[in-house]
Protein chains: 2
Amino acid sequence: MERPRIRDYFQQDLSQNETITPKQRAILQASLDLFAEKGFDQTSTSDIAQRAGVAEGTVYRRYKTKAALRDAILAPIAAHIVPILASDFSEDELRQRYPSLQAFVTAIFTDRVAFAKANVKELKVIFEMAAFDTERREQILSQIAPKVVKQMGSVINQLKADHLIVDWPNDLILQSLLSQLFGYLAQLMLELPGTEIEREQAYLITVMTKILTPGEHDQITGQ
Amino acid sequence: MERPRIRDYFQQDLSQNETITPKQRAILQASLDLFAEKGFDQTSTSDIAQRAGVAEGTVYRRYKTKAALRDAILAPIAAHIVPILASDFSEDELRQRYPSLQAFVTAIFTDRVAFAKANVKELKVIFEMAAFDTERREQILSQIAPKVVKQMGSVINQLKADHLIVDWPNDLILQSLLSQLFGYLAQLMLELPGTEIEREQAYLITVMTKILTPGEHDQITGQ
DNA sequence: TATTAAAATGAGTTATCACTCACTTATTTT
DNA sequence: AAAATAAGTGAGTGATAACTCATTTTAATA
């Protein structure tokens with residue numbers, strides 16, 4: 001069975017959004033670009049109007065506030081990020097699709113990296129919000145985190161049963177995987193100089209596989 | 001060895017040029033706290049004055065603009081974070097101090113984590129700036145990155161010569177180490193729920209050691 | 001204690017920005 | 001084509017925030 005490509009989800013969303021006028025789309029695009037370039041607070045609604053080539057009043061036609069405009073941009077991401085992060089793996093499929101640890105890691109991450117690459121700007125806006133909006137951060141996390149832990153947990157447990165993965169607590173495994181993933185994403189978002197993204201990506205899979213491969217020195221140090 | 005706090009540095013810095021008054025110190029402290037709590041843009045100068053227990057005019061007595069106030073906080077961070085991140089390891093000490101990979105990882109790591117813990121607020125302010133001020137980000141990076149690459153590189157090369165570390169390009173090794181480090185720091189800064197910091201820390205060293213331990217499957221996949 | 005200089009004050013100024021609304025232009029319906 | 005509805009406009013408004021300055025308070029010095 002073919003899993004739908006992640007990047008397709010999002011493309012759909014922007015275009016299928018009912019009868020959205022060209023000017024309204026221009027406003028969304030300009031907002032996203034500016035929020036990602038300068039940050040939400042540093043972007044004025046007149047900036048947006050100017051970049052989109054519309055009058056300032058037009059910005060407020062569909063979105064009552066500037067915050068509502070930001071949320072309209074984030075909504076499709078929030079809606080899709082959950083199924084993407086916590087893709088549902090049926091127990092049956094596991095053995096067939098992920099006979100080796102490397103196959104598992106590769107499958108998981110090509111998906112997520114593709115999604116991230118297609119939505120770099122949106123992710124920047126999300127991270128900016130998450131950094132200082134404590135309430136919403138906790139709200140979003142409380143929705144996403146349990147699902148990720150549960151879904152990924154079941155895969156990890158399966159691999160553990162087959163002794164294909166290191167025997168560490170699942171939350172610790174997830175943390176190190178996510179650290180590597182976010183480290184890679186940071187490079188994308190910050191456009192750090194001197195990075196060859198393709199090379200990094202291949203490396204990422206190697207490192208993650210290595211982290212997860214069971215071995216002899218896997219006891220956690222410290223008391 | 002005790003790691004100093006950045007706060008001490010900037011108080012030092014200030015007391016060098018003339019005596020700093022208690023109120024001016026209160027303003028700096030309040031600014032730092034508020035910038036870390038709410039972000040720079042979301043903090044008004046009247047907020048700062050109120051928190052510091054002074055009149056708003058007093059804020060502008062020493063610092064001509066709000067941006068200058070932020071820079072007065074960032075300057076000592078930028079000035080002192082370099083030698084700390086890129087602590088100089090003398091070639092002689094290397095073999096004695098880091099006879100094993102784990103000794104290296106542990107040393108590097110406890111050092112920097114302790115530093116980070118003592119300066120969480122300052123780090124938050126720096127990261128906010130780094131996120132959207134492209135110019136200054138590149139400026140700071142161009143100063144720090146080469147030093148880190150050079151200093152850490154010499155240690156890594158030493159370990160490579162002794163076959164104590166995996167034979168990957170140094171920049172890729174650093175990337176995975178920094179990813180793990182920053183993943184851990186994110187937990188500190190964002191106060192993510194359900195994390196037992198001590199446990200994470202012990203785990204981190206284990207993971208990093210595992211990543212870096214040379215093995216058989218260390219070829220980087222993909223072309 | 002008297003004099004002088006620096007520090008602090010807070011009411012006031014200016015500028016910006018999010019947002020509104022009476023009106024015009026475009027599109028759809030009859 | 002006329003009427004009705006929706007989309008778009010831009011000058012205008014109130015609020016807020018950065019910043020100023022004439023005056024007062026505190027500290028230093030003679």
Side-chain angles (χ1 to χ4, degrees), chain A residues 14-75 125 128-129 132-133 136, chain B residues 10-75 125 128-129 132-133 136:
Chain A
L14 272 176
S15 48
Q16 96 187 159
N17 208 356
E18 299 146 40
T19 48
I20 187 170
T21 67
K23 296 213 170 186
Q24 290 299 330
R25 177 167 303 155
I27 288 168
L28 278 179
Q29 189 63 52
S31 302
L32 175 60
D33 290 348
L34 287 167
F35 291 162
E37 282 170 28
K38 306 199 296 181
F40 180 77
D41 288 319
Q42 286 295 338
T43 301
S44 73
T45 49
S46 98
D47 284 341
I48 294 170
Q50 208 171 342
R51 173 80 65 99
V54 301
E56 202 173 340
T58 312
V59 175
Y60 286 90
R61 180 110 207 118
R62 188 174 292 254
Y63 310 103
K64 288 185 176 58
T65 66
K66 190 182 159 193
L69 176 56
R70 178 195 56 197
D71 293 345
I73 289 172
L74 293 184
V125 180
E128 187 198 7
M129 194 200 68
F132 290 104
D133 192 334
R136 298 183 70 183
Chain B
F10 74 50
Q11 284 178 0
Q12 227 175 29
D13 275 6
L14 285 167
S15 50
Q16 277 170 4
N17 348 330
E18 301 155 33
T19 47
I20 183 169
T21 67
K23 298 213 169 186
Q24 291 299 332
R25 177 166 302 156
I27 288 168
L28 278 177
Q29 189 61 53
S31 302
L32 175 61
D33 290 348
L34 286 167
F35 292 163
E37 281 171 29
K38 307 198 295 182
F40 179 76
D41 289 317
Q42 289 295 338
T43 301
S44 72
T45 48
S46 99
D47 285 341
I48 294 170
Q50 207 171 342
R51 175 78 65 98
V54 302
E56 203 174 340
T58 311
V59 175
Y60 286 89
R61 181 128 191 97
R62 187 176 293 257
Y63 308 103
K64 288 185 177 57
T65 66
K66 191 182 158 193
L69 175 56
R70 180 196 52 199
D71 293 347
I73 291 173
L74 287 181
V125 178
E128 189 196 7
M129 186 211 75
F132 291 106
D133 192 334
R136 299 180 69 182

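Chain identifiers are assigned alphabetically (A, B, ...) following the order of the sequence lines, protein sequences preceding nucleic acid strands; residue numbering begins at 1 within each chain. For the numbers below, each heavy atom of this structure counts, side chains included, while hydrogens, waters and symmetry mates do not.
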> DNA chain C: A:S46 or B:G57, which has the more 5' nearest nucleotide?
Replying inline: B:G57
> Just checking B:S44: base, sugar-phosphate only, or nothing, at a heavy-atom cut-off of under 4.0 Å?
Replying inline: sugar-phosphate
> Within the structure shown, what part of the strands sits under 4.0 Å from A:V54 by heavy-atom distance: base, sugar-phosphate, or nothing?
Replying inline: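 Here A:V54 touches the backbone only, sparing every base.
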Using whole Å, what does the distance between atom [atom2] of nucleotide [N] and atom [atom1] of [X] come to?
{"X": "A:Y60", "N": "D:dA7", "atom1": "OH", "atom2": "C1'", "answer": "18 Å"}
{"X": "A:Q24", "N": "D:dA7", "atom1": "CD", "atom2": "C1'", "answer": "8 Å"}
{"X": "A:I20", "N": "D:dA6", "atom1": "CD1", "atom2": "C1'", "answer": "15 Å"}
{"X": "A:R61", "N": "C:dA22", "atom1": "CZ", "atom2": "C1'", "answer": "13 Å"}

Is [X] near enough to [N] that one of its side-chain N or O atoms lies under 4.0 angstrom from OP1 or OP2?
{"X": "B:T45", "N": "D:dA18", "result": "yes"}
{"X": "A:K66", "N": "C:dA18", "result": "yes"}
{"X": "B:Q42", "N": "D:dA17", "result": "no"}
{"X": "B:K64", "N": "D:dA18", "result": "no"}
{"X": "B:T21", "N": "C:dA7", "result": "no"}
{"X": "B:K23", "N": "C:dT9", "result": "yes"}

> Using Watson-Crick and G-U wobble pairs whose two distances are both under 3.5 Å, how do you write the pairing of DNA chain D as dot-bracket, with | for links to another strand?
Replying inline: ||||||||||||||||||||||||||||||
> Which nucleotide sits closest to the side chain of A:A55: D:dT9, D:dA17, D:dG8?
Replying inline: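 It is D:dT9.
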>> As a test of reading the structure: which of D:dG8, D:dC19, C:dC19 is closest to the side chain of A:T65, going by heavy atoms?
In response: C:dC19
> Cut-off 3.5 Å, side chains only: do B:E56 and B:T45 have a donor facing an acceptor?
Replying inline: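 Yes.
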>> Can you confirm if the NZ or CZ of B:K66 lies within 45° of the ring axis of B:F40 and under 6.0 Å from the centre of its six-membered ring?
In response: yes
>> Please evaluate residues B:D133 and B:R70 with respect to the criterion salt bridge (Lys or Arg N to Asp or Glu O under 4.0 Å), reporting the C-alpha separation (whole Å), side-chain torsions for both, the decisive distance (0.1 Å), and the verdict.
In response: CA-CA 13 Å; B:D133 192 334; B:R70 180 196 52 199; 5.2 Å; no
For a quick test of reading the model, state the closest non-hydrogen atom pair linking [X] to [Y] and the distance between them.
{"X": "B:V125", "Y": "B:A36", "answer": "CG2-N, 4.1 Å"}
{"X": "B:S31", "Y": "B:I73", "answer": "CB-CD1, 3.7 Å"}
{"X": "B:Q24", "Y": "B:T58", "answer": "NE2-O, 3.5 Å"}

>> Determine whether a donor-acceptor pair (N or O, by modelled atom type, separation under 3.5 Å) exists between the side chain of B:D47 and the backbone of B:S44.
In response: yes
